[in-house]
Amino acid sequence: MVRGVRHDEPSADNPVSPMQFPAFDWNRPAPTPGSREHELGQRVTKRHRKLLKTGPVIRSLSNFSLSSFSLLDSMPESWRRLSRIQEARRRLMKEVCAKYRSNISRTVTPHHVSRIYVEDRYKLLYCEVPKAGCSNWKRVLMVLDGVASSTRDIGHDAVHYGNHLKRLDSFDRQGIARRLDTYTKVLFVREPMERLVSAFRDKFESPNSYYHPVFGKPIISKYRVNASKSALRTGSGVTFQEFIRYLLDVHRPVGMDIHWEPVSQLCSPCLLDYDFIGKFETMEEEANFLLRRTGAPRNLTFPTFKDRNPKAARTSTHITQHYFTQLNASDRQRAYDFYYMDYLMFNYSKPFKDLY
């Protein structure tokens, strides 16, 4: 059972170090996701990719120095391995950001932190990446915050509509800056095409009272020739090809959505410098490693149950390949280009052989 919400402030015996963080701009609105301004600022073009490929080579992940991990020798071997992986991921992310986004704004706005959930007791900041284990991560945060005693006690509606967790943008500028400077910032990512297919299956192949009318109707209206009156009325039955046409259209009939927005935009990793970068593909091991390192109760482990459509198979590499065979080579390339920064920043391999 979910209990009443509590939000503990950091105690007096946990002093905050002097803030060293970019200036905040609270008056300038961020570009609306899906808008022309947002698109122009975020698209990756062939020229961008060529510049990346012809620039200085990013060092091999196996060559990173471990000198900063002074406690490695006293760790279990599995922890040492996972610590090395974390150092490599963070180094790669910083190098990609420095290489591609050297002129990125250093101003943090509420928009940049609007997807970040706060757990004050264990000093965690978690950026929500839909279709990458976010429902179970919210359950974990609720248990850590004392809202519930077990992740098993928390149903889907309590996770997503119960309003039990605070977002970072709900604090004033000092509260935001202090937490960004002193808390552990956590990000979990997923292979971009698998995340995309997972979102499509969840939102368009299953009954959905929001995504069918809000997204399905305009998608069918714009991209389907001779659409039936029923399809135009309900928005049900969007095909994967139609969904991809919407995604790649710079003049989308309806805006971007967090379930398929690139992580490089959704969580602003080049600006916020995450401390822990986990992957959905190794979620259980890495999430439990993080929980142990943050001092979470030993009986709290990361849940592995499927939040929605539990009888449906999880979106796998095989299932993803099946969906993308429905597209021509040009659309596969454009979809890869759309998520190119995610592939580069988080070290995912090209998903298809015919990509360049």
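Below, each value reflects all heavy atoms present in this structure, side chains not excepted, and no hydrogens, waters or symmetry copies. In this text the structure is predicted, and so the values were computed from the model without any measurement. Numbering of residues begins at 1 and proceeds along the displayed sequence.
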What do you reckon, are the aromatic ring centroids of Tyr336 and Tyr343 less than 6.0 Å apart?
->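 That pair passes the under 6.0 Å test.
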
Distance flag, aromatic centroids of Phe280 and Phe188, threshold under 6.0 Å = no

Glu284 atom CD, neighbour heavy-atom count above 12 within 6.0 Å | no

Relative to Phe346, does Arg89 satisfy both conditions: NZ or CZ under 6.0 angstrom from the six-membered ring centre, and within 45 degrees of the ring's axis?
->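 No, a cation-pi geometry is absent between Arg89 and Phe346.
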
Is it the case that Lys131 places NZ or CZ above or below the six-membered ring of Phe200, under 6.0 angstrom from the centre and within 45 degrees of the axis?
->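 Pair Lys131/Phe200 does not count as cation-pi.
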
Can a donor-acceptor pair be found between the side chains of [X] and [Y] at a distance below 3.5 Å?
X      : Y      : result
Asp153 : Ser149 : yes
Tyr223 : Gln241 : no
His111 : Ser114 : no
Thr315 : Arg201 : yes
Tyr211 : Asp257 : yes
Gln333 : Ser330 : no
Thr317 : Glu194 : yes
Asp275 : Tyr183 : no

Do you know which of His212, Lys217, Glu205 makes side chain to side chain donor-acceptor pair (under 3.5 Å) with Ser236?
-> His212

Indicate yes or no: at least one non-hydrogen side-chain atom of Phe215 is less than 4.5 angstrom from one of Tyr210.
-> yes

Determine whether Thr301 and Val140 make a side-chain contact, defined as any pair of heavy atoms from C-beta on separated by less than 4.5 Å.
-> no

Hey, mind stepping through Val118 and Leu125 against side-chain contact (heavy atoms from CB on, under 4.5 Å) and telling me if it holds?
-> CA-CA 5 Å; Val118 178; Leu125 299 178; 3.7 Å; yes

Begin with the C-alpha distance, continue with both residues' side-chain angles, and end with the deciding distance and a verdict on side-chain contact (heavy atoms from CB on, under 4.5 Å) for Arg81 and Ile85.
-> CA-CA 6 Å; Arg81 175 177 55 82; Ile85 290 171; 4.1 Å; yes

Under 4.0 Å between a Lys/Arg side-chain N and an Asp/Glu carboxylate O for Arg84 and Glu77?
->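 Salt bridge flag = yes for Glu77 with Arg84.
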
Could you walk me through whether Trp137 and Phe302 pass the side-chain contact (heavy atoms from CB on, under 4.5 Å) test, one step at a time?
-> CA-CA 8 Å; Trp137 260 114; Phe302 192 81; 3.6 Å; yes

Would you confirm whether Arg332, through its side chain, and Leu355, through its main-chain N or O, come within 3.5 Å as a donor-acceptor pair?
-> no

Report the C-alpha distance between Phe338 and Trp260 in whole Å, list the side-chain angles of each, state the deciding distance to 0.1 Å, and finish with yes or no for side-chain contact (heavy atoms from CB on, under 4.5 Å).
-> CA-CA 11 Å; Phe338 186 84; Trp260 42 85; over 6 Å; no

Could you point out which residue of Leu141, Val186, Leu124 forms a side-chain contact (heavy atoms from CB on, under 4.5 Å) with Tyr117?
-> Leu141

